[in-house]
Each structure stands twice: as structure tokens, then as C-alpha cells.
Amino acid sequence: MPEIKGTSFTAPPKAKPTLSELSAKSDTVKAPSPLHAPPQAPPRDVLADCEVPLTLIRPSNDPPILVFDSGAVRVNLYKTENKPQPEVSVWLVTVTNSSTARIDDVRFEVTASGSDKVKLSAPSSTKLSPFSPICPSSPIQQVVMTTVATTSLDYKLKFDKEERSGTVNLPS
């Protein structure tokens with residue numbers, strides 16, 4: 001455009017394309033209709049992919065939580081320093097025998113209330129050898145993973161055709 005001294009010339013603004021012009025273009029992506037929106041993914045289970053082998057457990061300095069004590073069988077819950085994901089807490093359960101009798105078929109099960117999740121690894125054994133002050137028997141050990149928000153666990157302890165159950169409160 002020729003320039004005229006003392007005045008400046010600006011081109012008129014370009015008109016915005018109309019909706020029909022936009023929809024006619026083949027390279028335009030159309031937004032999905034609310035009636036045909038893609039389904040939302042289900043909530044992610046943070047514990048599904050978490051694994052902490054017993055050999056990698058790092059105990060914390062917190063004292064153990066006594067879960068059960070019958071005089072013969074004792075169950076303790078230990079908090080660990082392990083953190084496979086920010087929203088996951090890792091605990092170690094130990095089951096020991098202070099009786100002179102062998103204890104068979106030991107099972108420890110836990111559940112959490114509401115939407116809290118719990119994952120329990122396989123136990124190191126299901127049998128407890130008799131107590132001996134000369135050669136102490138190995139405890140049964142089991143890794144428990146919970147979501148950080150979990151405040152209590154319901155447990156079931158089964159051994160030698162007995163069953164005990166209760167609730168253990170977790171420290172925050």
C-alpha cells in the first residue's frame with residue numbers, strides 16, 4: 001500500500017470464520033458431544049503395582065504395635081521406612097510362639113474399612129516351631145501395605161483351629 005505522509009493506514013481486521021465454515025474444514029477436530037463423551041477411567045488402585053520384598057524392609061524407629069497376645073502366640077505390627085509410592089504405607093507383621101508346642105496353620109488376614117485399601121503379601125511360613133530358649137524359632141513375617149489415610153485395620157488370626165479377631169488402630 002502506498003504510504004501517505006502524516007497518516008498511517010491499517011488494514012481492516014479479518015472477519016472471524018463462522019461456525020459453518022469451521023465445520024466444513026476437514027482438518028478441524030470436533031469436540032465430542034456430551035452424550036457421546038468417552039468413559040472415565042476407573043480410580044487407580046495405588047497398591048496394585050506395589051511390591052516390597054521382605055528382604056528390602058527398612059524398620060522405622062517407632063515402637064511396635066501389639067496386635068494380639070495370648071501368652072503363646074504374639075502378633076506385632078511394625079511401621080517401616082519403605083515408601084513405594086507417596087500414598088502408600090508399609091508395615092511388617094510378625095507372629096511369634098512362646099509355647100513349647102508347635103503351632104500349625106497360622107493365618108493372619110487384614111481388611112480396612114470404607115474406601116481404604118490393604119494389600120497383604122504371602123507369609124514367610126504358616127507354622128511356628130516350639131519355643132526354645134537355646135535356639136529361638138523364626139517368626140512368621142508378612143508385609144502389609146495400606147493407603148496413607150488408613151487409620152485402623154480389622155484383623156483375623158487363625159491357628160490350630162482357633163480364630164481370633166479384632167481391630168488395631170494405626171498411628172498417624
Side-chain angles (χ1 to χ4, degrees), residues 32 34-172:
L35 297 175
H36 298 90
Q40 292 184 354
R44 183 176 73 98
D45 182 0
V46 295
L47 299 177
D49 297 327
C50 289
E51 289 293 327
V52 180
L54 199 52
T55 55
L56 296 180
I57 290 292
R58 294 184 325 267
S60 77
N61 292 327
D62 295 343
I65 300 168
L66 179 62
V67 175
F68 177 80
D69 189 355
S70 71
V73 176
R74 184 178 188 129
V75 179
N76 282 313
L77 184 64
Y78 296 86
K79 188 168 178 61
T80 73
E81 296 293 328
N82 299 78
K83 209 74 168 147
Q85 292 198 20
E87 59 272 10
V88 175
S89 293
V90 180
W91 304 82
L92 179 67
V93 172
T94 62
V95 183
T96 55
N97 182 10
S98 58
S99 159
T100 56
R102 178 184 173 114
I103 300 176
D104 293 318
D105 301 320
V106 179
R107 302 269 186 257
F108 184 79
E109 302 168 359
V110 291
T111 58
S113 58
S115 62
D116 294 339
K117 302 277 185 191
V118 176
K119 183 176 180 181
L120 197 60
S121 70
S124 59
S125 177
T126 58
K127 299 175 190 313
L128 289 168
S129 299
F131 174 76
S132 167
I134 298 167
C135 183
S137 62
S138 296
I140 295 174
Q141 298 173 322
Q142 203 165 6
V143 176
V144 178
M145 287 180 274
T146 65
T147 52
V148 172
T150 305
T151 58
S152 67
L153 296 173
D154 295 321
Y155 71 88
K156 234 182 233 181
L157 176 65
K158 300 175 184 179
F159 58 95
D160 286 340
K161 300 179 184 156
E162 288 188 45
E163 183 175 315
R164 309 289 172 92
S165 59
T167 300
V168 59
N169 294 319
L170 304 177
S172 49

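What you see is a predicted model, and the numbers here were worked out from it, not measured in a lab.
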| query | Which atom names give the shortest non-hydrogen contact between Val90 and Val52, and what distance separates them? | reply | CG2-CG2, 4.1 Å
| Is the backbone N or O of Pro64 less than 3.5 Å from a side-chain atom of Lys79, with the two atoms forming a donor-acceptor pair by type? | no
| Quick one: does Asn82's side chain have a donor or acceptor within less than 3.5 Å of a partner on Arg58's backbone? | yes
| task | Among residues two or more places apart or on two chains, list those pairs meeting salt bridge (Lys or Arg N to Asp or Glu O under 4.0 Å) that have a residue in residues 106-119. | result | Glu51-Lys119, Glu109-Lys158
| said: As a quick check of understanding, evaluate side-chain contact (heavy atoms from CB on, under 4.5 Å) for Val93 and Val67, giving each step before the final call. | reply: CA-CA 9 Å; Val93 172; Val67 175; over 6 Å; no
| said: Using every non-hydrogen atom in the two residues, find where Val88 and Cys50 come nearest and quote the distance to one decimal. | reply: CG2-SG, 4.0 Å
| task | Return yes if some donor-acceptor pair links the side-chain N/O of Asn76 with the main-chain N/O of Thr94 below 3.5 Å, else return no. | result | no
| What distance separates Leu153 CG from Trp91 CH2, expressed to the nearest 0.5 Å? | 8.0 Å
| said: Any side-chain to backbone donor/acceptor pair from Ser60 onto Tyr78? Under 3.5 Å, distance only. | reply: no
| task | State whether the side chain of Glu87 and the backbone N or O of Val148 hold a donor-acceptor pair below 3.5 Å, judged by distance alone. | result | no
| Inter-residue atom distance Asp62.CG - Thr80.OG1, 0.5 Å rounding | 10.0 Å
| request: To the nearest 0.5 Å, tell me how far Asn97 CG sits from Ser132 OG. | output: 11.0 Å
| task | State the CG-OG1 distance between Leu47 and Thr147, to the nearest 0.5 angstrom. | result | 6.5 Å
| query | Between OG of Ser98 and CD1 of Ile103, what distance do you get to the nearest 0.5 Å? | reply | 7.5 Å
| query | Taking atom NZ of Lys83 as the centre, does the number of heavy atoms from other residues, nucleotides or ligands within less than 6.0 Å exceed 12? | reply | yes
| request: Could you grab the distance from atom OG of Ser125 to atom CD1 of Ile140, nearest 0.5 Å is fine? | output: 5.0 Å
